[in-house]
Amino acid sequence: MTAVHSRLAGVAAHLPQATMSTAELEDRLAARNPALKLPRGVIHSGSGVRRRHIAAPHEKPSDLAVHAARTLLAEQDLRADDLDLIIFAAVTMDVIEPATAPIVAAKLGAGCLAFDVRNACNSVLNAIQVADALIAARRHRRVLICSGEMATAFMPWTLSGTKEFFSFAAAYTVGDAGAALLLEAAAEPGVLGHRFTAYPAGWEAATVRALNLTTDPEADWPVIEPLTVNGVELARSLERTDLTVLPKAIAELGLAWDDFAAICVHQASLPALWKFCEHVGIPPDKVVVTIAQHGNLIAATLPVQLAQAVAAGRVRRGDLVALVGLASGFSAGIVVVRW
C-alpha cells in the first residue's frame, strides 16, 4: 500500500483592528489605581512588547479562529464542507463545555468531526502532531487546525499593590489573535518530522488558575486568576528540560538550522527569546519576530509568524520551515515542514 503523508497546504492569521500600546496600558493602570506608584517602562523593558491587538468586546476565541479560517478557505478555494476534521488549539476557550472546535465548525457551516487539542502555548504544535498521524493512518484527508487567543480579557486592572503588579506582569504582555492551518493528504511528505520533550514537575512555574471551585450556590464560579509567572522556577524548569531534542530532531533529518528559510519560535519575551535561541543554536536572523508589535500570542504565536513570513515572501513553496515551541507545563517541541 502506498504511504500517505501530510503537507501544510496553507496558513492564515487574523489580528484584531484595535490595538493598545504599552504606554497606553500603563496609563490605564495608573488611572485605575491612583493610590499606587506603579513603575513605568517595566513591561516593555522586561518583555520587549510595544503594542498588542485587542479583540472587539463582543468577540470570543472562536470568532478569532473563524476569521482566520475563512480567509484560509477562501485562499485555498475551499468550502467548509470540504473539511473532514477541525481541531481547535488554544489556551482560551468560549465555554468550559463543549469544546470550542464544534463552535468554530458551526460558525463556519462545517458538519465534520471537531475537537480541541490543548497544551498551553504548544497547542498548535501538538495539533499538527495529531493531524499528521491521523492523515498518515488514512483517517482524515483534510484537517483544519485553528486557534483563537483572547488572553487580554484576563488582564488585571485593579491591583492591591506593586508586589501584585510584578506577580501579574506577564499578563500585560499578551495580545489577541486568530490563526488557521490546513493540512492535507499528499504523496510526498510536507510535515517532515516532529519531536517533543517535557519536564512535568515544572508545571507550577506559569499558571492561570481557576479559583473558588466550590459547591456553594451563592459563590461566583469560576474565578480566573491572571497569568502568574515565577521567573526563578520557570528558568529552573527550562534548565531541566532536555532541549537537545530540538537540534537532534533536525540533525536526524540531515538538516541544520541554516537550511531553514524561517524559524518560528514561541515568544513570551524578547530577552528570553534571544537567550533561548543562543542556547539551542538558532541563528537570530532566521527568527520571525512578532512579540514587539503583537505581544505574546500564546498558542497562536507560531502560525501567525508563519503567515507573516509567507505574506512577506520570506517563505516560498519548497522552503524549509521550523516551528519551535515552548510552553508552561513544562514542554518544548519542534515541527519541521517543507512549505
Side-chain angles (χ1 to χ4, degrees), residues 15 19-33 36-54 91-92 120-122 149-177 202-209 224-239 241 243 264-280 282 284 287-302 304-305 324-330 332:
L15 295 167
T19 66
M20 179 187 295
S21 70
T22 296
E24 290 169 338
L25 186 153
E26 290 175 335
D27 288 342
R28 181 179 294 188
L29 275 175
R32 298 282 183 90
N33 303 272
L36 298 181
K37 293 184 178 180
L38 297 175
R40 292 272 181 165
V42 172
I43 297 171
H44 174 255
S45 63
S47 68
V49 178
R50 293 185 179 276
R51 185 170 295 276
R52 75 278 295 141
H53 295 261
I54 309 292
V91 172
T92 57
C121 296
N122 278 343
E149 294 288 22
M150 280 185 57
T152 64
F154 303 109
M155 285 182 178
W157 293 109
T158 303
L159 299 167
S160 62
T162 54
K163 182 178 179 181
E164 191 170 68
F165 168 77
F166 284 107
S167 295
F168 295 154
Y172 301 115
T173 66
V174 298
D176 299 337
W203 73 268
E204 290 186 286
T207 60
V208 176
R209 296 176 184 263
I224 306 298
E225 182 184 80
L227 173 63
T228 305
V229 176
N230 183 319
V232 174
E233 289 301 319
L234 191 63
R236 187 173 299 166
S237 297
L238 191 61
E239 290 173 358
T241 304
L243 297 178
C264 303
V265 185
H266 180 68
Q267 295 164 23
S269 81
L270 205 54
L273 168 65
W274 299 131
K275 185 175 181 180
F276 170 76
C277 288
E278 181 180 9
H279 183 70
V280 298
I282 297 174
V287 178
V288 182
V289 180
T290 51
I291 188 167
Q293 293 302 317
H294 306 312
N296 179 355
L297 300 178
I298 320 296
T301 297
L302 301 182
V304 168
Q305 290 176 5
V324 180
L326 293 165
S328 56
F330 184 89

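Just so it is clear, the values below take in all heavy atoms, side chains as well, and ignore hydrogens, waters and symmetry mates.
Using a 4.5 Å heavy-atom cutoff, the side chains of K37 and T162 are not in contact. Residues S47 and Y172 fail the side-chain proximity criterion, which asks for heavy atoms closer than 4.5 Å. Side chains of V174 and M155 form a contact here, defined as non-hydrogen atoms less than 4.5 Å apart. The shortest side-chain heavy-atom distance between M20 and T152 does not fall under the 4.5 Å cut-off. A heavy-atom distance below 4.5 Å is found between the side chains of F165 and L29. Under the 4.5 Å side-chain criterion, counting only non-hydrogen atoms from C-beta, L273 is in contact with V287.
Partners of A120 by side-chain contact (heavy atoms from CB on, under 4.5 Å), not counting sequence neighbours, listed by chain and number: A327, S328. Partners of T19 under the side-chain contact (heavy atoms from CB on, under 4.5 Å) rule, at least two apart in sequence or in another chain, are R51, H53. Partners of E239 under the salt bridge (Lys or Arg N to Asp or Glu O under 4.0 Å) rule, at least two apart in sequence or in another chain, do not exist in this structure. For A272, the side-chain contact (heavy atoms from CB on, under 4.5 Å) test picks out S269, with sequence neighbours left out. Residues meeting the side chain to side chain donor-acceptor pair (under 3.5 Å) test with R40, sequence neighbours left out: D27.
To the nearest 0.5 angstrom, T22 atom OG1 is 8.5 Å from R50 atom CZ. In this structure, CD1 in I291 is found 7.5 Å from NE2 in H266, a value given to the nearest 0.5 Å. Of the inter-residue distances, the one linking S21 atom OG with H44 atom NE2 reads 11.0 Å to the nearest 0.5 angstrom. To the nearest 0.5 Å, atom CG of residue L38 and atom CZ of residue F166 are 8.5 Å apart. Separation of atoms CD (E26) and CZ (R28) is listed at 13.0 Å; rounding is to 0.5 Å. Of the inter-residue distances, the one linking L25 atom CG with I43 atom CD1 reads 5.0 Å to the nearest 0.5 angstrom.
In this structure, D176 and L297 approach most closely via the heavy-atom pair O-CD2, 4.0 Å. Shortest non-hydrogen contact noted between I298 and A151 is CG1-CB, 4.1 Å. Across every non-hydrogen atom of P156 and F168, the tightest pair is CG-CD1, 3.7 Å. Heavy atoms only, all atoms of each residue included: I282 and F276 are closest at CD1-CE2, 4.2 Å. Shown here for A177 and L15, the closest heavy-atom pair between the two residues is CB-CD2, 3.8 Å. Scanning all heavy atoms of the two residues, the minimum distance from A332 to T241 falls at CB-CG2, 4.5 Å.
Residue pairs meeting the salt bridge (charged side-chain N to carboxylate O under 4.0 Å, His left out) criterion with at least one member in residues 154-174: none, sequence neighbours excluded.
Between T173 and N296, the side chains place no donor N or O within less than 3.5 Å of an acceptor N or O (distance only, hydrogens not considered).
Looking at Q267, its side chain does come within 3.5 Å of a backbone N or O of V288 through a donor-acceptor pair.
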